[in-house]
Structures are given as structure tokens and as C-alpha cells.
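Comments concern the structure below.
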2 protein chains.
Amino acid sequence: MRESTGGTRERIQAVALELFTEQGYEKTSLREIAERLNVTKAALYYHFKSKDEIVSSFVDDRLRRMDELIEWAGTQPATLATRRELIGRYADAMFAGELPTVMRFFEQNQTVLKSLAAGQQMRERMMRLAHELSRGDDTPAAQLRAVLTLFAVHSSWFAVRTPGITDDERKKIALEVADELLAKITDES
Amino acid sequence: MRESTGGTRERIQAVALELFTEQGYEKTSLREIAERLNVTKAALYYHFKSKDEIVSSFVDDRLRRMDELIEWAGTQPATLATRRELIGRYADAMFAGELPTVMRFFEQNQTVLKSLAAGQQMRERMMRLAHELSRGDDTPAAQLRAVLTLFAVHSSWFAVRTPGITDDERKKIALEVADELLAKITDES
DNA sequence: ACCTGAACACCGTTCAAGT
DNA sequence: ACCTGAACACCGTTCAAGT
């Protein structure tokens with residue numbers, strides 16, 4: 001319940017997320033963020049250790065949800081039903097609540113994925129998720145298919161250009177295509 | 001035949017491509033590049049208008065090849081055979097000659113895609129290629145599948161983790177998975 | 001034609017100091 | 001606890017000047 005006014009930290013996060021998404025991470029300077037909030041650049045360093053720690057701060061719950069998913073998948077049998085359930089839950093998480101905003105940030109800042117700490121963690125989680133999705137089928141094709149199902153969920157944001165399409169429809173299409181890919185994993189019945 | 005020694009321009013390109021791939025674009029300074037070549041930073045500006053023009057210079061033939069592909073596809077009927085041929089040619093181009101080096105640069109610098117002029121052009125060409133791949137089937141699912149076939153070719157570089165796998169095998173797997181996706185486009189026979 | 005030296009405005013980061 | 005002022009080293013870019 002401690003939010004009152006003040007909450008400079010939260011205001012920094014909000015402004016940073018907005019500007020990073022609009023203009024990109026590298027092109028947004030701390031001076032710009034500080035000016036919007038009527039504080040000095042140095043003030044930002046009281047709340048965050050560095051520029052990319054601001055990113056980490058709003059990427060962290062995304063990481064937590066992915067960790068939960070990975071852990072849950074580990075307890076399930078390596079069947080098609082599990083894979084379907086896993087990608088479904090993943091899509092739910094990506095399309096729900098505050099996350100679409102963070103999602104758009106990621107779409108805008110794909111390149112930042114490499115250098116930033118938060119980006120490397122995201123990449124690692126994606127590979128772990130993909131690993132769960134192809135568990136039980138260690139062929140190269142299965143590994144590729146697993147990664148592509150995740151991409152299906154992500155790229156539905158920009159790949160589908162049908163005008164007036166809703167987020168729900170995007171999600172449905174993404175899952176439809178993902179399911180086809182998943183069905184080809186472990187055909188060793 | 002004008003290469004002799006000298007060729008400072010070519011040496012800049014070589015060193016830049018190497019460092020950008022190793023450390024990333026943003027983390028590589030012009031000072032670093034200049035020092036390796038025993039020239040001053042300002043000398044780089046005699047050969048290139050800006051830092052991202054260095055990137056453009058070695059991304060340009062990639063763009064040209066993509067343009068050729070797009071143009072060729074436009075002259076062909078919108079059939080599965082055309083789509084297969086198109087993605088096959090695309091994979092050939094991506095895996096052949098000098099391009100794998102540039103490809104690794106792109107894998108390392110995905111984020112740079114957004115801000116850099118060269119990156120935006122690449123994105124645009126990818127969407128145009130995807131558009132050719134889904135021509136004749138304007139459902140959202142087809143658009144998504146088309147984009148994913150291109151990703152299949154790209155992500156085979158890192159998604160397949162089988163040790164000791166060759167580039168040829170990667171390409172083969174990528175095309176196999178791509179073909180499955182393409183087969184689902186235009187089932188309105 | 002090819003390159004240098006020196007300057008420019010700006011960047012992220014640090015830190016002593018103020019309240 | 002929260003923020004400022006001033007400085008730090010470094011960045012990409014420009015430009016007059018040299019050969």
C-alpha cells in the first residue's frame with residue numbers, strides 16, 4: 001500500500017518504458033527522462049544503478065512468469081498435450097495485463113536484447129522454454145520447431161497486418177500456427 | 001582490379017564487421033576501429049559519412065539480392081512450387097559466399113535493426129518477401145506462416161544446438177520446416 | 001585524394017554536498 | 001531518504017588545415 005504520491009521510482013519506470021518504446025533504448029537519453037520528471041540526471045541514479053537496470057526493473061516480472069512456466073513444464077510428461085498447454089499459458093502471459101506494453105517495448109528494442117543484462121536473461125529463458133517444448137524429441141528439426149512456436153506468439157504482433165484485427169484474434173492465430181508446429185514434434189509414436 | 005595496397009575503405013569494412021560481430025555495434029567505438037588501422041577517427045569520415053553508413057556498406061549486397069528475389073517472385077504464379085523455390089533461393093543466398101559472416105553480424109545485432117537505416121531496409125525487405133510468400137492467401141494465418149518460414153532460415157543458426165552440425169545440415173532442416181509451413185498456405189484448392 | 005588535430009555537443013556515471 | 005551541482009572520461013561528428 002505504500003504508493004502515496006512521490007513514487008519517483010515508479011514515475012521513472014513509466015516514462016522510461018514510454019520513451020524506450022517510442023524512440024528506442026539507445027536513442028533515449030537519461031537527460032530526456034529526467035527533464036520530463038523535473039529532476040536531474042543524477043537523481044535517476046539514486047533509484048537505479050544504471051540505465052539498463054531501469055529496463056531490468058520492468059522486465060523482471062516477465063522473467064519470473066517464464067521461470068514459473070519452465071518449472072511447471074518440468075513436472076509434466078513430455079506429450080503433445082503438455083506442449084499445447086505450455087504454449088497456451090505462454091501466450092496468455094504475453095497477452096495479459098500490463099505485459100503487452102512490455103511486449104511492444106521488446107518488439108521495438110530487439111537489438112537491445114544482446115547487450116543488456118535483461119535481454120540476455122530473456123534469451124536464456126526463451127531457449128529453456130524451447131527446450132521444454134521439444135523435450136522427448138532431440139532431433140534438430142524439433143529444436144527449430146520449438147523455437148518457431150515461440151516466435152509465432154511474438155511475431156503475431158507485427159506479422160499479421162490485417163487491418164482492425166484484435167489482440168484476441170492475433171492470439172488465436174498464433175496458437176493455431178503454433179499447434180501445427182508442435183504436432184510435428186515427437187512423431188515417434 | 002583497383003585494389004593494390006591502400007584500400008583503406010576495405011580495411012575499415014573488414015575490421016568494423018569483425019568488431020561489430022564480436023562486441024556489438026553500440027559497444028564498438030570508432031576510436032577502437034581507427035586504432036586497429038593506425039589512423040585517426042576523423043580518417044574514417046573521409047571514407048564513410050557516418051558510423052551506420054559503414055554497416056550499410058556491407059549490408060547493401062544482401063539488400064540487392066533480396067530485391068532480385070522479390071522481383072523474380074513477382075513474375076511467378078502464386079503456387080506452392082513458387083513459394084518453395086523462393087524460400088530455397090533465399091536460403092541459398094543466406095548460406096552462400098561471404099554472407100554467413102554478415103548473417104552472424106545480424107544475429108549479434110538484431111537490436112540495431114530498428115534504429116539503423118540499413119536495419120530498417122532489411123526489415124522492409126523481409127516483410128516484402130513474406131508478402132510474396134503468402135500471395136494468393138490473404139488470411140492472417142498465412143501472413144504469420146510466411147514470416148515464420150523466413151525466421152526458420154534465420155534461426156536455424158542458433159536454434160539448432162546439436163553439436164557438430166554442419167551449415168548444410170542446418171540449411172536442410174530449415175528448408176524442411178519451412179516447407180511444412182508453406183504447404184499450409186493456400187489450401188483453398 | 002587522403003588524412004590529421006583540435007574542437008563540438010552530448011552521453012552515462014560518480015560523488016561530495018545539501019536538506 | 002532523496003536529490004543537486006559539478007565534474008569525469010568517452011562518444012560520434014565536423015572542419016580547417018596539411019600533404
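From a predicted model like this one, the values you see are computed outputs, not experimental measurements.
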Q. Given Arg135(B) and Glu132(B), is the salt bridge (charged side-chain N to carboxylate O under 4.0 Å, His left out) satisfied, shown in steps?
A. CA-CA 5 Å; Arg135(B) 191 157 50 91; Glu132(B) 290 300 332; 3.0 Å; yes

Q | Rounded distance (Å) that lies between atom P of dG12(D) and atom NZ of Lys49(B) | A | 19 Å

Q.
Side chain of Tyr45(A) only, heavy atoms from C-beta on: which candidate in dT13(D), dG5(C), dG12(C) is closest?
A. dG12(C)

Q) Nearest-Å distance, CD (Glu35(B)) to C1' (dC3(C))? A) 16 Å

Q: Begin with the C-alpha distance, continue with both residues' side-chain angles, and end with the deciding distance and a verdict on salt bridge (charged side-chain N to carboxylate O under 4.0 Å, His left out) for Glu85(B) and Arg89(B).
A: CA-CA 6 Å; Glu85(B) 178 72 21; Arg89(B) 289 186 186 210; 2.9 Å; yes

Q.
So, OP1 or OP2 of dC3(D): does either fall under 4.0 Å of a side-chain N or O from Thr8(A)?
A. yes

Q.
Rounding to an integer number of Å, can you tell me how far Lys41(A) NZ sits from dC3(D) C1'?
A. 15 Å

Q | Phosphate contact (dA1(C) OP1 or OP2) by His47(B) side-chain N/O below 4.0 Å | A | no

Q: Rounded to the nearest angstrom, tell me the gap between atom CG in Leu30(A) and atom P in dC11(D).
A: 17 Å

Q: May I have the distance from Ile12(A) (atom CD1) to dC2(D) (atom P), rounded to whole angstrom?
A: 11 Å

Q.
If the test is side-chain hydrogen bond (donor to acceptor under 3.5 Å, both in side chains), which one of Thr186(A), Asp137(A), Thr149(A) qualifies with Arg83(A)?
A. Thr186(A)

Q. For Lys27(A) and dC10(C), what is the distance between atoms NZ and P respectively, to the nearest whole Å?
A. 16 Å

Q: Compare side-chain N and O positions of Thr40(B) against OP1 and OP2 of dC3(C) and report whether any pair is under 4.0 Å apart.
A: no

Q: Determine, stepwise, if the pair Arg31(B) / Glu35(B) fulfils salt bridge (charged side-chain N to carboxylate O under 4.0 Å, His left out).
A: CA-CA 6 Å; Arg31(B) 183 184 49 74; Glu35(B) 270 171 9; 3.4 Å; yes

Q) OP1, OP2 of dC11(C) versus side-chain N and O of Arg31(A): anything below 4.0 Å? A) yes

(Q) Please report the distance, rounded to the nearest Å, between CG in Asn38(B) and P in dC3(C). (A) 12 Å

Q: For Arg128(B) and Glu124(B), run salt bridge (charged side-chain N to carboxylate O under 4.0 Å, His left out): C-alpha distance rounded to whole Å, both residues' side-chain angles, the deciding distance at 0.1 Å, then the answer.
A: CA-CA 6 Å; Arg128(B) 299 243 294 265; Glu124(B) 197 231 338; 2.6 Å; yes

Q) Between Ala42(A) and Tyr46(A), who's closer to the 5' end of DNA chain D by nearest nucleotide? A) Tyr46(A)

Q) With both distances kept under 3.5 Å, what pairs with dA7(C), Watson-Crick or G-U wobble? A) dT13(D)

Q. Rounded to whole angstroms, how far apart are CD on Glu26(B) and P on dG12(C)?
A. 11 Å

